[in-house]
Trainee: 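Please see the structure below; I have some questions.
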Amino acid sequence: MTIEQSNLPYDSNALEPHLSEETLSFHYGRHHKGYVDNLNRLIEGTSFADRPLERIIATARTRAEIDVLNNALQVWNHAFLWESMTPNGDAKPHGRMKDMVETHYGDLDSFKDEFRRSALGLFGSGWVWLVVDRGELRIITTGNADSPIGTRLVPLLVLDVWEHAYYLDYQSDRKRYVDAFLDNLINWNFAAENLERTPDAKAA
Ligand code: FE2
């Protein structure tokens, strides 16, 4: 089985002016595709070759399999990233998602403050996640390719804070990139759909 790259759910210029077509085409067409190609090369002829992506992630555990695991996680994380952004967002959560944000953070601005703090506090490359942890919302960061997939945490949204995600548009100004995501790009509907799949998420 060949691991396929997920489709970009919008045109590569759809997130302008917040993320340029150049950034998105490089990110999707070079970086994400590169992880997919690496993974397929690494698993060819091995016992991983007939497993779906989630099984590869769940079973690649030994030191010798670390490249398989890291590339598989990056394939998964990027597919989740594309869905976490939208050109059609109204920048606000609704319904149960809104209630949970207000219960856990007080209001949307306080949520954004904590997300921004987490993103700016992450040293080096990694990811910032909004997750559900035993019914409670949490913002967490993971370094490099690490991901909450396969843990008890249920991811709702993610932002890629590797420099390749923003350098062409924002150079080293991670804060402006994070603010563009928080104010203009978040796909709250995707977060809400993921929330609906977590039956233990406490309603407000
Ligand atoms: Fe990336």
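These numbers come from a predicted model, not from an experiment. Numbering of ligands and ligand atoms starts at 1, following listing order.
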Trainee: In terms of ring plane angle, is the pair His32 and Trp82 parallel, tilted or perpendicular, where the classes change at 30° and 60°?
Mentor: tilted
Trainee: Backbone or side chain, does His164 get an N/O/S atom under 2.8 Å to the Fe ion (ligand 1)?
Mentor: yes
Trainee: Would you please indicate yes or no on a ring centroid separation below 6.0 angstrom for His78 and Trp127?
Mentor: yes
Trainee: Looking at Asp160, which of its N, O or S atoms is the nearest one to the Fe ion (ligand 1)?
Mentor: OD2
Trainee: So, do Phe115 and Phe181 have ring centers that fall under 6.0 Å from each other?
Mentor: yes
Trainee: So, Phe111 versus Trp188, ring centres under 6.0 angstrom or not?
Mentor: yes
Trainee: Distance check below 2.8 Å: does His78 bring an N, O or S atom to the Fe ion (ligand 1)?
Mentor: yes
